[in-house]
Amino acid sequence: MAKNYRAELVGVFGDPIDENPTGVMEEAAFAALGLAWRYLTVRVRKEQLAGAMAGMRAFGMRGVNLTIPHKVEVLKYLDELSPAAEIIGAVNTVVNRDGRLFGENTDGKGFLKSLRDSGADPKGRSVTVLGAGGAARAICVECALAGARRIHILNVGRARGEELAATVREKTGVETLYSPWQGRAALPQGTEILANATSLGLYPNVHEKPDIDYEAIGPGMAVIDVIFNDPNSLFLQSAKAKGAKTINGLGMLANQGALNFELWTGEKAPLGVMEATLRAEFGL
Ligand code: NDP
């Protein structure tokens with residue numbers, strides 16, 4: 001039988017990129033399924049994206065992830081967007097479908113899968129999101145598309161918070177409110193799912209947590225963190241102490257990686273392998 005030394009290529013373009021752990025988890029998944037695929041972690045500077053996207057096509061790469069600073073800029077090189085990516089206005093995953101580039105945003109979808117796997121479907125629920133940056137944007141849009149009853153955004157920067165609330169409200173029809181966040185924030189009445197989508201608590205700042213009224217958290221509430229390199233973040237510890245169900249960001253990252261894997265290869269992702277690889281990578 002003729003040998004085939006060629007690998008199918010995917011990867012990530014970003015800058016900075018050295019500490020991005022996605023490749024380790026994707027390569028572990030390829031190995032687990034015996035696929036001759038490689039995931040390349042590539043530093044692409046802001047002004048080099050056009051060349052990188054042309055190169056991606058020239059290499060016949062099956063897809064790429066995009067991270068800082070390319071998630072919005074990449075839109076101009078794509079042929080088609082998923083409905084969620086269209087509303088979010090940012091893409092973290094590109095799939096090369098026979099030369100047509102399709103853009104998806106799996107940040108919020110990984111979040112949603114983590115919630116659902118923990119029995120906390122946002123459908124019909126009142127969701128409070130702390131933060132209004134890229135992760136919060138994806139999370140709010142996915143929760144709205146998943147049928148959340150109400151979304152409440154708390155953010156320190158007013159303009160960013162108001163703009164996100166207006167976008168979600170107008171594009172999805174779901175009641176979406178913004179509240180300013182100065183000092184200790186009160187939790188909006190009726191919160192059933194609470195998500196930290198700020199960068200507070202990200203390693204090495206493990207002593208930080210969002211300044212909110214933790215006394216208002218109670219049993220029956222699901223509390224989820226985007227921070228992935230500390231599954232026992234102070235935020236989650238505080239929520240757990242109040243009896244809430246807690247869900248860490250490691251699962252969100254693994255789920256996001258699994259969705260990318262499935263979009264690219266068409267195979268079912270070995271989620272357990274991917275999550276275990278991340279844990280080992282973070283020394284957990
Ligand atoms: P951005 O920089 O876009 O947004 C950061 C957000 O954090 C903003 O809303 C900002 O508020 C808020 N914030 C920062 N410092 C404070 C503070 N002291 N008090 C209150 N709010 C604060 O970042 P991203 O949205 O891209 O990422 C956020 C986090 O999500 C990161 O830790 C990232 O690693 C994580 N992430 C995890 C994923 C996963 O799969 N687990 C996927 C994607 C991201 P303001 O607007 O006022 O500045």
Side-chain angles (χ1 to χ4, degrees), residues 12 14 16-17 19-22 24-26 65-72 84-85 88-93 104-115 117-118 128-142 152-165 167-168 178-185 187 194-213 223-236 246-261 271 274-275 277-279 281-282 284:
V12 57
I17 199 70
E19 291 178 25
N20 188 304
T22 311
V24 185
M25 121 172 110
E26 297 291 353
N65 286 138
L66 287 309
T67 186
I68 292 168
H70 305 309
K71 285 186 181 183
V72 175
I88 297 164
V91 157
N92 75 330
T93 305
E104 177 58 282
N105 192 312
T106 56
D107 280 338
K109 290 189 165 64
F111 171 91
L112 210 53
K113 176 113 190 334
S114 265
L115 267 184
D117 287 352
S118 307
T128 295
V129 177
L130 308 176
R137 216 175 158 79
I139 287 168
C140 288
V141 169
E142 292 294 349
H152 208 122
I153 299 162
L154 301 185
N155 196 53
V156 175
R158 175 179 275 272
R160 201 136 77 134
E162 282 179 343
E163 192 278 327
L164 176 56
T167 299
V168 176
Y178 163 74
S179 289
W181 183 1
Q182 282 147 355
R184 179 141 309 165
L187 210 56
L194 170 66
N196 173 33
T198 72
S199 40
L200 287 165
L202 189 66
Y203 183 85
N205 301 321
V206 293
H207 56 282
E208 293 178 350
K209 66 175 178 182
D211 192 7
I212 58 166
D213 175 19
V223 178
I224 179 163
D225 202 347
V226 292
I227 299 303
F228 53 76
N229 49 16
D230 183 6
N232 203 22
S233 63
L234 268 187
F235 173 68
L236 292 184
T246 57
I247 306 157
N248 68 51
L250 191 90
M252 174 178 167
L253 186 63
N255 273 310
Q256 181 203 304
L259 290 167
N260 297 343
F261 181 97
L271 183 63
M274 299 175 88
E275 198 162 339
T277 305
L278 280 180
R279 278 187 183 280
E281 206 50 38
F282 297 141
L284 302 171

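Whatever order the structure lists ligands and atoms in, that order sets their numbers, starting from 1. These numbers were taken from a predicted model, which means no experiment stands behind them. Excluded from the calculations below are hydrogen atoms, water molecules and symmetry mates; all remaining heavy atoms, backbone and side chain alike, are included.
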Not counting sequence neighbours, which residues clear ring pair (Phe, Tyr, Trp, His ring centres under 6.0 Å) with F111? List them please. none
Treating R279 as the side-chain partner and L284 as the backbone partner, does any N or O pair qualify as donor plus acceptor under 3.5 Å? no
Distance under 4.0 Å, heavy atoms only, partner ligand 1: which residues pass? D107, G131, A132, G133, G134, A135, N155, V156, G157, R160, W181, A197, T198, S199, L200, L202, V226, I227, F228, G249, M252, L253, Q256
Can you name the side chain to side chain contact (heavy atoms under 4.5 Å, CB included) partners of N20, sequence neighbours left out? V12, I17, T22, T67
Are any side-chain N or O atoms of N155 and backbone N or O atoms of A132, one a donor and one an acceptor, separated by less than 3.5 Å? yes
Please tell me whether T106 and N92 have a donor and an acceptor in their side chains that are separated by less than 3.5 angstrom. yes
Residues that F228 engages under side chain to side chain contact (heavy atoms under 4.5 Å, CB included), provided they are two or more places apart: L253, F282
